[in-house]
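To start, the structure under review is shown below, and the notes come after it.
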Amino acid sequence: MRALRTVGAALTLCAAAWLTAAVPAAADGTDSAADKKGGAPTEAGTNFRTATEIKPGQRATAAASTGDYLYWVFPAAAGQIPKVEAELKLPDAASRHGSATWQLDVYDGLRRHQPCASGTPAHRAAQQDGSVTVSCTLRQVRSWSERWANDPLQGAYYVRLTVVDLPAEDLGLPIDAEVEASVPEAGGAHADGGDVTPLNPVLRSGTAPGTDSESSGDASSDSADSADDKDGGIPHAVAEPEDDWGSGWWSDRWVWTVIGAALAALAGVGGYTLTRGPRFPGRPPNDA
């Protein structure tokens, strides 16, 4: 009976530890989902520096003209798999003069083009089509990489949407674009070690690069920029995620850790029960 009570107590402690770890993670997910519903952007940038920031899960919209380059930017932390989907509502078929190919490109914070692991980044829309959808799923974002590699690293990711092939007469026709980025977790089984500075470009305003006025002020502003960067005063391409760039402390490894602890407790109690030997109540027998 004592062994059974010990096993029950061990299982109760393990269950309490697992619930303590899981409940805050679920609450964080609910709060973040509620925050993503409102305040979605209704415009897009025209280059990397003016890219419109969107939060994962938001569905951004923009009204533009055929031939424009549309840019958005969103954050992705280590252990996440960025997915981007865009839908374009095309002009009436009567006003178009042929088919057109629409393309979705994703770049990291160093403006390196990232290949799509899956999805349809380019799609050719026929003249009678009223809409077209393009999508791109990147590889898992890593927390470190070799210098020569083109692995996706934590930081900002730029989305560019444009048309690459169409009749010249169709340039300038109005379109409506909708873009949504998501960053699901890859899971603890795919976690990798290491830590690098997030690729989150700094947005600096002032004189154009290469001018004398900029070079003369660099020496005096370096120390101020460093202090502002630590305090969050310097604007970056994207805001730092709430769970930092490590994609949060919660991982499914916690579940396996709790299960392993419970099995270890059961094994310990069972081993003790089998090896403790017989027990005699009161005084031992005379022939012992």
Side-chain angles (χ1 to χ4, degrees), residues 1-37 55-57 74-84 114 116-119 137-146 149 151-155 157 181-199 240-285 287-288:
M1 293 299 295
R2 181 177 296 180
L4 292 178
R5 288 195 299 268
T6 305
V7 172
L11 293 177
T12 302
L13 291 175
C14 292
W18 184 83
L19 290 175
T20 303
V23 170
D28 292 343
T30 304
D31 294 341
S32 59
D35 293 339
K36 294 171 187 175
K37 291 182 179 179
K55 295 180 180 180
F74 66 94
Q80 297 176 340
I81 303 178
K83 298 181 179 181
V84 184
Q114 293 294 325
C116 299
S118 61
T137 300
L138 301 183
R139 298 167 292 170
Q140 176 188 340
V141 176
R142 303 186 60 188
S143 58
W144 71 281
S145 176
E146 300 290 348
D151 296 327
L153 296 174
Q154 55 191 5
Y157 280 82
S182 59
V183 286
E185 298 287 344
H190 302 278
D192 58 346
D195 186 20
V196 296
T197 302
L199 303 180
E240 182 177 343
E242 295 181 357
D243 294 331
D244 204 351
W245 294 106
S247 69
W249 61 271
W250 171 254
S251 171
D252 54 8
R253 289 187 175 186
W254 284 100
V255 178
W256 295 108
T257 301
V258 172
I259 294 175
L263 293 177
L266 291 175
V269 173
Y272 173 75
T273 304
L274 293 174
T275 59
R276 68 179 179 176
R279 301 182 64 185
F280 301 99
R283 299 180 60 183
D287 57 350

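Being a predicted model, the structure only gives us computed values, none of them experimental.
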What distance separates L138 CG from Q114 CD, expressed to the nearest 0.5 Å?
6.0 Å
Using side-chain heavy atoms (C-beta onward) and a distance below 4.5 Å, is Q154 in contact with Q80?
no
Evaluate the side-chain proximity of V84 to Y157: yes if any heavy-atom separation is below 4.5 Å, no if none is.
no
Minimal non-hydrogen separation, R139 against P82, with atom names:
O-CD, 3.7 Å
Quick one: closest heavy-atom pair of V183 and F74, and the distance?
CG1-CE1, 4.1 Å
